[in-house]
Amino acid sequence: MSDATLDSKGGAGPAVADDPKRRAAFDARVAAEGKVEPRDWMPEQYRKTLIRQISQHAHSEYVGMLPEGNWVTRAPTLRRKAVLLAKIQDEAGHALYLYGAAETMGVSRAEMLDALHEGKAKYSSIFNYPTLTWADVAAIGWLVDGAAIVNQVALQRCSYGPYARAMVRICKEESFHQRQGYEAMMALAQGSPDQKKMAQDSLNRWWWPSLMMFGPSDRDSPHSAQNMAWKIKRESNDDLRQRFVDMTVPQADYLGLTMPDPDLKWNEERGHYDFGEIDWDEFWRVVKGNGVCNRERLQARRDAHDKGAWVREAAVAHAEKRAARSLAQAAE
Amino acid sequence: MASSDWPLWEVFVRSRAGLNHKHCGSLHAPDAEMAIQNARDVYTRRGEGVSIWVVKSSEITAADPDDKDQLYDPADTKVYRHPTFYTVPDEVDHL
């Protein structure tokens, strides 16, 4: 999340052909839990993978403001509204930390945003689902942030220093996101029959997409082995998904809500919950751009960027005016 | 200056009086004053600090990581720079 130009003389320069000796030293260091910092030599593939992963993560935080933003003006109480605004502001900050971490790899934020706006970059598919009711805001906090935390806690031990540090800060801030979501869900689940119905309906719609947040099954994750060896990825998709299921089912039980999965049951022998098969067709359909909101989300981001251009221009004009004034004062 | 050319600033935050400013991250801003305003919003939303410094990243000179061995390894053999190197009697206090 920092040190961005500090690497301008080192690793982030033009691609250096992979050198077997340096590669071996790098692999050994990473295997021994050594951290990699921006100016250190690193294999091109390591850099490429991390740029892709960190920028996708940043885009997810950035686009993730939209589904919740949909409910700011309609939050049921002033307290919920203040909380929601604080959460959305955090997401913007998280995007910033992550764009900063990616920048240390030698890619500019403008390039990353262009890739997003041109539809070339991916972000988490979960944000391509609509927030139809207030309960969806609660479900996002509880389930989506809950799943994100499981994933991000593991990434705090990522071998790349700036990414790991961004994760530490993000995890610290995000624990309130999950708790406020659960609290809001609890208010509905313990409310009137209609409110409880709304909570259950929302859980029905968000449960499976939340499980999909952990990515394809390990059987279909071709890059995993190298990424695990480089400690870019610390735990497998399926292991993290299982952890999320085990953690969340008792939370739903407490709320008196039912998971929309007839195959879900405790497996005494494994010490884990068994759960049904994810609809992978739906997963790939949304990843490939054909979810309910893919086009709308991207257009909203492009519009925000275009309509915010005058703010960026005004900031530059202000900075230039101020610089000219202090120059004139110095000359007096 | 296009917005994409906004310089990068490194942000240092003093968490409370008596402690040093500590590097906590970076951000882009058109000038130092706006960098401080943005840093306040980004890095001190939960009482993390009482003072902020910003410095243009391009103004920082950093040591080359490739020189790490020759710069820092010589200290490894100079163990006599540490108090634990010396043998002193147990019965003598305040050493």
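Naming: A, B, ... by sequence-line order, numbering from 1 per chain.
Other residues, nucleotides and ligands contribute over 12 non-hydrogen atoms within 6.0 Å of the NZ atom of B:Lys78. Atom CG of B:Leu95 is surrounded by more than 12 heavy atoms from other residues, nucleotides or ligands within 6.0 Å. For A:Arg29, the CZ atom is densely surrounded, since the number of other residues' heavy atoms within 6.0 Å is greater than 12. The number of heavy-atom neighbours closer than 6.0 Å to CZ of B:Arg45, taken from other residues, nucleotides and ligands shown, is above 12.
The shortest heavy-atom contact between A:Tyr97 and B:Val42 is OH-O, 3.3 Å. Minimum interatomic distance between B:Leu8 and A:Glu103 (heavy atoms only, all atoms of both residues): CD1-OE1, 4.2 Å. Looking at every heavy atom in both residues, B:Pro65 comes nearest to A:Asp40 through CB-OD1, 3.4 Å.
We find that A:Asp90 and B:Arg46 are joined by a salt bridge, their nearest charged nitrogen and carboxylate oxygen being less than 4.0 Å apart. A salt bridge between B:Asp66 and A:Arg22 is present, with a side-chain N of the basic residue lying under 4.0 Å from a carboxylate O of the acidic one.
When heavy atoms are compared at a cutoff of 4.5 Å, B:Glu48 approaches chain A solely by way of its side chain, counted from C-beta outward. Heavy atoms of A:Glu111 lying under 4.5 Å from chain B are absent altogether.
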Item to complete: Carefully, step by step, assess A:Arg169 and B:Cys24 under the rule side-chain contact (heavy atoms from CB on, under 4.5 Å).
Response: CA-CA 10 Å; A:Arg169 184 179 285 273; B:Cys24 70; 3.3 Å; yes
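Inter-residue side-chain proximity for B:His28 and A:Tyr99 is flagged as unmet; no heavy-atom pair is nearer than 4.5 Å. Looking only at side-chain heavy atoms (C-beta outward), B:Glu33 and A:His318 stay at 4.5 Å or farther from each other.
Side chain of A:Arg39 to backbone of B:Ala63: a donor-acceptor contact under 3.5 angstrom is found.
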